[in-house]
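Since the structure comes first, as structure tokens, the remarks are kept for the end.
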Amino acid sequence: MLQIAAIREHKDAYATALKKRNLDALPMLEEAISIDEQRRSIQAQLDETRAKSNSLSKEIGMLFKSGKGAEANELKAQTKELKVKEEELKNASNEAIEKLQTLLYNIPNIPQDSVPAGNSDEDNEVVSQHGDIPQLHENAQPHWELVKKYDIIDFELGTKITGAGFPVYKNKGARLQRALINYFLDKNTAAGYTEMQVPHLVNEASGYGTGQLPDKEGQMYHVGIDDLYLIPTAEVPITNLYRGDLLEAKDLPIAMTGYTPCFRREAGSYGSDVRGLNRLHQFDKVEILRIEHPDHSDAALDAMVVHVKNILEELQLPYRILRLCGGDLGFTSTLTYDFEVYSTAQEKWLEVSSVSNFKTFQSNRLKLRFRNSEGKTELAHTLNGSSLALPRILAGILENYQTENGIRIPDALVPYCGFDTID
RNA sequence: GGAGAAGUGGCAGAGUGGUCGAAUGCACUGGUCUUGAAAACCAGCGAAGGUAACACUUCCAGGGGUUCGAAUCCCUUCUUCUCCGCCA
């Protein structure tokens with residue numbers, strides 16, 4: 001959520017930047033400013049009314065104390081009128097706050113200068129491409145065939161016990177999955193990220209804190225009886241650990257990593273995009289998150305990109321880095337780099353990581369602040385990225401590392417797996 | 001799940017209807033003193049809105065109510081602790 005004070009100050013620049021999202025935001029921004037002005041004027045009247053009634057109350061108290069009950073009762077009568085006015089102003093104020101809130105919830109974050117304009121994922125900018133695309137043998141297969149062949153993932157079993165999009169990992173498939181989680185976590189902790197294990201269900205306040213609620217309610221599974229949500233990403237519980245906190249500047253940066261399953265309802269997709277491991281209702285992901293001083297968040301994002309790069313290099317997977325265009329940029333982000341691994345058998349790029357700088361967009365909702373060098377409170381910046389999402393990495397490994405005689409395991413993973421081939 | 005107790009500033013802990021945003025201690029910040037440090041002493045020290053700056057307003061777990069006036073009384077939700085039960 002944008003800060004109203006910032007909108008007031010940068011209205012035109014914001015409107016210009018939001019054009020990159022194909023959004024003509026100027027009317028919304030102006031409306032927000034106007035509602036806020038109303039709100040402040042109502043608040044001023046309300047404050048004044050309250051001040052009057054507070055001072056009357058004090059007077060009444062003193063009169064009673066000194067035994068002048070009759071005079072006190074006279075003053076009491078005067079408070080009646082004030083109370084009515086107070087009630088009216090309070091209602092008007094609440095209404096304005098609610099209107100402003102609703103409006104602000106619907107304005108996306110401001111894209112950074114480097115974000116290219118564009119409508120869809122086709123307009124994303126390819127920043128760089130790395131690694132060679134392997135030449136596969138003639139009978140190379142997509143991963144959904146390979147997993148059957150080697151009996152390492154069973155989609156039908158998952159359907160039987162739960163439903164479509166909930167695969168069951170078996171044998172070496174299960175072990176490889178576990179190996180990847182450990183490997184990613186080790187890489188992240190070695191880079192200074194503190195490992196956290198967090199609940200997989202969160203309350204409503206957490207959903208609001210990171211922006212899944214109120215608008216993206218349908219994305220999450222909701223446990224109605226306890227009013228809890230299954231997390232769509234570790235970002236939700238881990239970022240919310242710091243909800244409402246006031247940090248000291250010396251506490252920054254805070255760097256955390258965590259493995260969690262992720263649950264997504266993801267309605268409305270079809271075809272090869274959702275085949276096999278490409279899109280699931282439950283999948284595993286290791287996430288990295290940072291809480292940064294505003295002066296350092298840009299550099300931190302670059303460092304996160306380098307970190308994810310290093311992992312993909314070590315796994316020797318062909319990948320490319322995209323800078324998302326305005327049209328594809330997430331609602332809460334100012335700048336996002338996507339990492340895609342090439343799926344040789346499917347002949348397409350699969351998104352395996354998304355690394356974003358949210359600046360103050362989340363921290364404003366979270367009320368996550370720090371005390372700056374002037375002793376004033378200031379919103380911190382939040383960033384996060386996947387390092388990495390498991391299913392598509394798994395798909396990439398299975399397809400790119402397949403041979404006639406089995407699937408090789410990338411060298412870096414062999415110690416974690418305890419085997420070097422799936423056959 | 002049952003019974004009881006409690007939730008106050010970074011922490012500890014007073015405050016039970018009136019000038020309380022809240023005593024006191026610790027922590028923290030600045031200063032005096034000291035060769036330096038410690039100790040001691042002096043001063044400051046919650047957040048949000050609002051203002052040019054003041055003023056002013058709001059916040060004592062969350063929500064609602066009683067009252068001219070609520071940290072204090074009532075209702076309700078949540079959380080924590082103790083005892084009992086159950087249990088990986």
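Lettering follows sequence order; numbering is per chain, from 1. Remember, predicted model here, so these are calculated numbers, not experimental data.
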Can you tabulate the close N/O pairs, meaning under 3.5 Å, that link protein atoms to atoms of nucleotides 52-54 of chain B?
none

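The distance between atom CD of Glu86(A) and atom C1' of U58(B), rounded to the nearest whole Å, is 11 Å. Whole-Å rounding puts the Phe64(A) CZ to U19(B) C1' distance at 17 Å. At whole-Å resolution of the value, CD in Glu87(A) and P in G65(B) are 8 Å apart. Arg369(A) places its CZ atom 13 Å from the C1' atom of G49(B), with the value rounded to the nearest Å. The distance between atom NZ of Lys250(A) and atom P of U29(B), rounded to the nearest whole Å, is 9 Å. Protein atom CG of Leu368(A) is 16 Å distant from nucleotide atom P of A47(B), rounded to whole Å. One atom, CD of Glu48(A), and another, C1' of G49(B), lie 16 Å apart when rounded to the nearest Å.
For the 3.5 Å distance criterion, the side chains of His307(A) and Asn188(A) qualify, holding a donor opposite an acceptor. A donor-acceptor pair shorter than 3.5 Å cannot be found between the side chains of Arg178(A) and Tyr416(A). For the residue pair Tyr183(A) / Glu314(A), a side-chain donor-acceptor distance below 3.5 Å is found, with atom types taken as modelled. Side chains of Asn240(A) and Glu235(A): no donor on one and acceptor on the other come within 3.5 Å.
Between G69(B) and Asn54(A), no contact under 4.0 Å exists linking OP1 or OP2 to a side-chain N or O. Taking side-chain N and O atoms only, Thr377(A) has a distance below 4.0 Å to OP1 or OP2 of A48(B). Between Lys83(A) and G69(B) there is a side-chain N or O to OP1 or OP2 distance below 4.0 Å.
Between the side chain of Asp47(A) and the base of G49(B) there is at least one donor-acceptor pair of N/O atoms closer than 3.5 Å.
Nucleotide C54(B) is matched to nothing when pairs are restricted to Watson-Crick or G-U wobble geometry with both distances under 3.5 angstrom. Base pairing of C68(B): its partner is G18(B), meeting the Watson-Crick or G-U wobble criterion (both donor-acceptor distances under 3.5 Å). Using N1 to N3 plus N6-O4 or O6-N4 for Watson-Crick, or N1-O2 and O6-N3 for G-U wobble, each under 3.5 Å, A6(B) pairs with U79(B). Remark: G1(B) base-pairs with C84(B). Criterion, Watson-Crick or G-U wobble with two distances under 3.5 Å. The partner of A27(B) cannot be assigned: no Watson-Crick or G-U wobble pair with both contacts below 3.5 Å exists in any strand. Nucleotide U35(B): unpaired (no Watson-Crick or G-U wobble partner with both distances less than 3.5 Å).
Residue Asn73(A) is out of contact with every strand shown, counting any heavy-atom pair closer than 4.0 Å. Using a 4.0 Å heavy-atom cutoff across all strands shown, Ser57(A) reaches at least one base atom of the nucleic acid. Across all strands shown, Ile60(A) has heavy atoms under 4.0 Å from base atoms, whether or not it also approaches the sugar-phosphate. Note on Ala51(A): only backbone sugar-phosphate atoms sit closer than 4.0 angstrom, heavy atoms only; bases stay farther off.
Remark: the separation of the C1' atoms in G49(B) and G85(B) is 50 Å, to the nearest Å. Spacing between U67(B) and C74(B) at atom C1', rounded to whole Å, works out to 12 Å. Distance check on atom C1': G63(B) versus C78(B) gives 10 Å, rounded to whole Å. With P as the reference atom, A70(B) and G62(B) are 16 Å apart, rounded to whole Å.
With hydrogens and angles ignored, the 3.5 Å screen pairs no side-chain donor or acceptor of Asp151(A) with any backbone N or O of Val147(A).
Where Leu56(A) and Arg40(A) each meet RNA chain B at their nearest nucleotide, the meeting point lying more 5' is that of Arg40(A). Annotation: of the two residues near RNA chain B, Lys80(A) and Arg39(A), the 5′-most nearest-nucleotide partner is Arg39(A).
Salt bridge status for Arg408(A) with Asp420(A): absent, with no side-chain N to carboxylate O gap under 4.0 Å. Comment: Glu378(A) does not engage Arg369(A) in a salt bridge, judged by the lack of any side-chain N to carboxylate O separation of less than 4.0 angstrom.
Which of G18(B), U58(B), A47(B) sits closest to the side chain of Leu246(A) comes down to A47(B). For Arg371(A), taking side-chain heavy atoms from C-beta onward, the closest of the listed nucleotides A47(B), G50(B), G69(B) is A47(B).
In this structure, Tyr221(A) and Phe263(A) have perpendicular ring planes: the angle between them is above 60°, well past the 30° mark.
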Would Asp298(A) and Lys359(A) count as a salt bridge (charged side-chain N to carboxylate O under 4.0 Å, His left out) if you check the C-alpha gap in whole Å, the side-chain angles of each, and the deciding distance to 0.1 Å?
-> CA-CA 9 Å; Asp298(A) 289 332; Lys359(A) 302 249 167 169; 3.3 Å; yes

